[in-house]
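Atoms considered below: every heavy atom in the structure, side chains included; atoms not considered: hydrogens, waters and symmetry mates.
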Number of protein chains: 2
Amino acid sequence: MSSVVRGARARARIEVTAAIKEEARRQLASDGAAKLSLRAVARELGMVSSALYRYFPSRDDLLTALIIDAYDSLGETAEAAHAAVADAAPVERWVTVGEAVRGWALAHPQEYALIYGSPVPGYSAPQTTVPAAARVGLLLIGIVRDAHRSHALEVPLLTDELVPEAVRLAADLAPDLPPGAVTALVAAWAQLYGLVGFELFGQFNRVVEEREPFFRHAVTRLAQGVGLR
Amino acid sequence: MSSVVRGARARARIEVTAAIKEEARRQLASDGAAKLSLRAVARELGMVSSALYRYFPSRDDLLTALIIDAYDSLGETAEAAHAAVADAAPVERWVTVGEAVRGWALAHPQEYALIYGSPVPGYSAPQTTVPAAARVGLLLIGIVRDAHRSHALEVPLLTDELVPEAVRLAADLAPDLPPGAVTALVAAWAQLYGLVGFELFGQFNRVVEEREPFFRHAVTRLAQGVGLR
DNA sequence: GGAAAGTGTGAGCACTGCTCTCGCTTGATC
DNA sequence: GATCAAGCGAGAGCAGTGCTCACACTTTCC
């Protein structure tokens with residue numbers, strides 16, 4: 001992809017594409033993914049609906065673009081929050097990332113639902129979304145790796161029944177970490193999203209009163225379970 | 001509500017209602033909640049679409065009925081699995097319930113997405129669903145309570161910052177359990193669904209290879225974190 | 001038996017995603 | 001600099017959706 005914008009037409013295309021995504025994001029935030037309507041977006045932008053298909057070949061493609069943006073926005077938020085405490089103790093770094101994820105989710109519920117709730121049924125996220133989706137995971141791996149390198153990681157034990165190969169990530173992204181740590185890390189990663197999802201989707205209504213301290217407590221224990229101290 | 005079916009008309013109504021739900025469930029399972037169409041259900045049943053509104057005043061009401069059924073089906077499955085190991089050690093009972101939830105989710109992905117994924121956007125589950133939704137939670141509470149009564153529960157510690165009142169459940173459903181146990185229980189409950197959701201919605205693709213032993217291991221550690229032995 | 005309530009019919013409204021043809025404008029090529 | 005293809009917007013149109021309403025018919029209740 002060339003970074004040089006060749007002419008007025010190319011520049012206009014970029015602007016219109018951005019405007020469409022912006023308006024779509026607005027409608028997504030206010031009404032949810034199911035009610036996101038191409039026609040309504042076009043109407044709001046003062047163009048006819050068929051013109052919009054010059055920019056996104058289908059509704060699903062527009063949604064995919066929004067999903068990637070959402071992953072990036074979440075990843076950026078988490079990375080920024082983490083950067084502010086990069087030199088702190090591992091547990092604090094972990095908790096900070098967890099709280100950043102929760103904060104972003106509460107601020108962008110529909111976008112969170114789009115990426116971590118049930119994927120819009122009948123639609124499976126294409127491969128393009130993978131790199132953007134991995135950002136928070138990589139952040140967590142980095143924290144555990146740092147702890148391990150400075151011998152501050154208490155490696156969790158593996159049950160007998162669990163073969164180390166169960167978590168493929170070990171061989172791919174974190175070959176330097178012991179299997180027990182990777183396993184615990186992946187599980188904690190998923191569990192973090194369980195906590196956020198339950199709060200966001202109302203499962204904690206009439207159950208958990210003080211959400212924020214509860215989350216901080218739970219996510220701290222999650223960090224300890226991974227072996228961070 | 002009278003349990004006596006008064007006449008042919010009342011009996012027919014029950015049958016038609018059941019047939020609608022059955023066909024709707026079929027379409028839900030095959031195409032997902034978003035593509036569930038009243039007209040298609042009616043078509044399949046050989047009736048005109050407007051007739052269906054005599055039974056369910058709106059699409060959302062039909063969805064609500066399916067949600068309640070799904071909660072009940074999940075609860076029933078979990079309870080049945082638990083009953084088979086009711087006399088076993090607390091950890092085994094816990095793991096059995098967890099595996100039952102996972103098994104049901106894998107067998108009914110769309111229904112699981114309907115109740116634990118993002119709720120269908122623009123639609124918030126009415127109060128009617130609450131009792132059905134609580135069944136698995138009550139099961140888990142029962143396991144912890146039994147362990148506590150037989151002095152087999154290692155009560156988890158609470159961090160200073162977390163006030164015991166944070167988890168309101170303590171005062172309502174399990175006043176006999178210590179706050180630390182209730183807090184850990186609620187967190188573990190949410191985390192269980194994080195594990196199931198990540199597997200179901202593809203987040204473990206290219207990450208976790210051997211799903212079943214991984215899940216068993218993670219959910220066992222979850223039980224231990226609650227204090228079960 | 002007659003009034004009232006319940007049930008199915010078909011037309012119709014407003015909306016959706018998407019396609020296709022038509023012209024206009026832009027921009028690269030000869 | 002003229003030419004010609006590619007990019008773009010407009011508008012009509014198709015098939016589908018949720019939902020409403022007036023109408024007829026049937027069952028139930030008084």
**OP:** Kindly indicate, with the supporting measurements, whether the criterion salt bridge (charged side-chain N to carboxylate O under 4.0 Å, His left out) is fulfilled by B:Arg26 and B:Glu23.
**Re:** CA-CA 5 Å; B:Arg26 267 198 40 220; B:Glu23 177 58 31; 2.9 Å; yes

Students often get this wrong, so: under 4.0 angstrom with heavy atoms, is [X] touching a base, only sugar-phosphate, or nothing?
X: B:Leu52; value: nothing
X: B:Phe56; value: nothing
X: B:Leu62; value: nothing
X: A:Ser50; value: base

Subject >> Contacts of type salt bridge (Lys or Arg N to Asp or Glu O under 4.0 Å), residue B:Glu76, not counting sequence neighbours >> reply: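 Residues passing salt bridge (Lys or Arg N to Asp or Glu O under 4.0 Å) with B:Glu76: none at all.
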
**OP:** Return the residues of residues 18-27 of chain A meeting this criterion: a heavy atom under 4.0 Å from some atom of DNA chain C. Order them by number, or give none.
**Re:**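 Nothing qualifies; none.
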
Original post:
Which residue pairs pass the salt bridge (Lys or Arg N to Asp or Glu O under 4.0 Å) test with at least one member in residues 103-117 of chain A, sequence neighbours excluded?
Top reply: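 The answer is none; no pair qualifies.
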
How close or far is atom [atom2] of [N] from atom [atom1] of [X], stated in whole angstroms?
X: B:Met47; N: C:dG10; atom1: CE; atom2: C1'; value: 15 Å
X: B:Arg59; N: D:dG18; atom1: CZ; atom2: C1'; value: 9 Å
X: B:Glu44; N: D:dG16; atom1: CD; atom2: P; value: 14 Å
X: A:Leu38; N: D:dG9; atom1: CG; atom2: P; value: 15 Å
X: A:Lys35; N: C:dG17; atom1: NZ; atom2: P; value: 14 Å
X: A:Arg54; N: D:dG11; atom1: CZ; atom2: P; value: 14 Å
X: A:Tyr53; N: C:dT16; atom1: OH; atom2: P; value: 11 Å
X: A:Ile14; N: D:dC8; atom1: CD1; atom2: P; value: 11 Å

Original post:
Mind checking what makes side chain to side chain contact (heavy atoms under 4.5 Å, CB included) contact with B:Asn205, not counting sequence neighbours?
Top reply: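 So B:Asn205 forms a side chain to side chain contact (heavy atoms under 4.5 Å, CB included) with B:Arg211.
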
Original post:
Who are the side chain to side chain contact (heavy atoms under 4.5 Å, CB included) partners of B:Asp72, not counting sequence neighbours?
Top reply: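 With sequence neighbours excluded, B:Asp72 shows a side chain to side chain contact (heavy atoms under 4.5 Å, CB included) to B:Ile68, B:Ala132, B:Arg135, given in chain and number order.
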
For nucleotides 12-15 of chain C, print each protein N/O atom paired with a nucleotide N/O atom at under 3.5 Å, atom names and distance only.
unit_1: C:dG12; atom_1: O6; unit_2: B:Arg39; atom_2: NH2; d: 3.4

Original post:
With A:His108, which residues qualify under ring-ring contact (aromatic ring centres under 6.0 Å, His included), at least two apart?
Top reply: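 If we apply the ring-ring contact (aromatic ring centres under 6.0 Å, His included) test to A:His108, skipping adjacent residues, the hits are A:Trp104.
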
**OP:** Can you sort out the partners of B:Phe198 under ring-ring contact (aromatic ring centres under 6.0 Å, His included), two or more places apart, ordered by chain and number?
**Re:**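 ring-ring contact (aromatic ring centres under 6.0 Å, His included) check on B:Phe198 returns A:Tyr116, A:Trp189, A:Tyr193, B:Phe204.
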
Original post:
Looking at A:Tyr55, does any N or O in its side chain come under 4.0 Å of the phosphate oxygens OP1/OP2 on D:dG9?
Top reply: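 For D:dG9, OP1 or OP2 has a side-chain N or O of A:Tyr55 closer than 4.0 Å.
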
Original post:
Between A:Leu195 and A:Ala218, what is the shortest heavy-atom contact and its length?
Top reply: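 Reported closest heavy-atom pair: CD1-CB, 3.7 Å.
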
Solution key, residues 94-102 of chain B side-chain donor-acceptor pairs under 3.5 Å, sequence neighbours excluded:
unit_1: B:Trp94; atom_1: NE1; unit_2: B:Val219; atom_2: O; d: 3.4
unit_1: B:Thr96; atom_1: OG1; unit_2: B:Glu92; atom_2: O; d: 2.7
unit_1: B:Glu99; atom_1: OE2; unit_2: B:Arg216; atom_2: NH1; d: 3.0
unit_1: B:Arg102; atom_1: NE; unit_2: B:Glu199; atom_2: OE1; d: 2.9
unit_1: B:Arg102; atom_1: NE; unit_2: B:Glu199; atom_2: OE2; d: 3.4
unit_1: B:Arg102; atom_1: NH2; unit_2: B:Glu199; atom_2: OE2; d: 3.0

Original post:
A:Ser58 side chain: which of C:dC18, D:dG7, C:dT9 is closest?
Top reply: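 Of the candidates, C:dC18 comes closest.
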
Original post:
From the list C:dG6, C:dT9, D:dC8, which nucleotide is the closest neighbour of the side chain of B:Arg9?
Top reply: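 Nearest to the side-chain atoms of B:Arg9, counting from C-beta on, is C:dG6.
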
Original post:
With distance as the sole criterion, is a donor-acceptor pair present between the side chains of B:Asp61 and B:Thr64 under 3.5 Å?
Top reply: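 No.
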
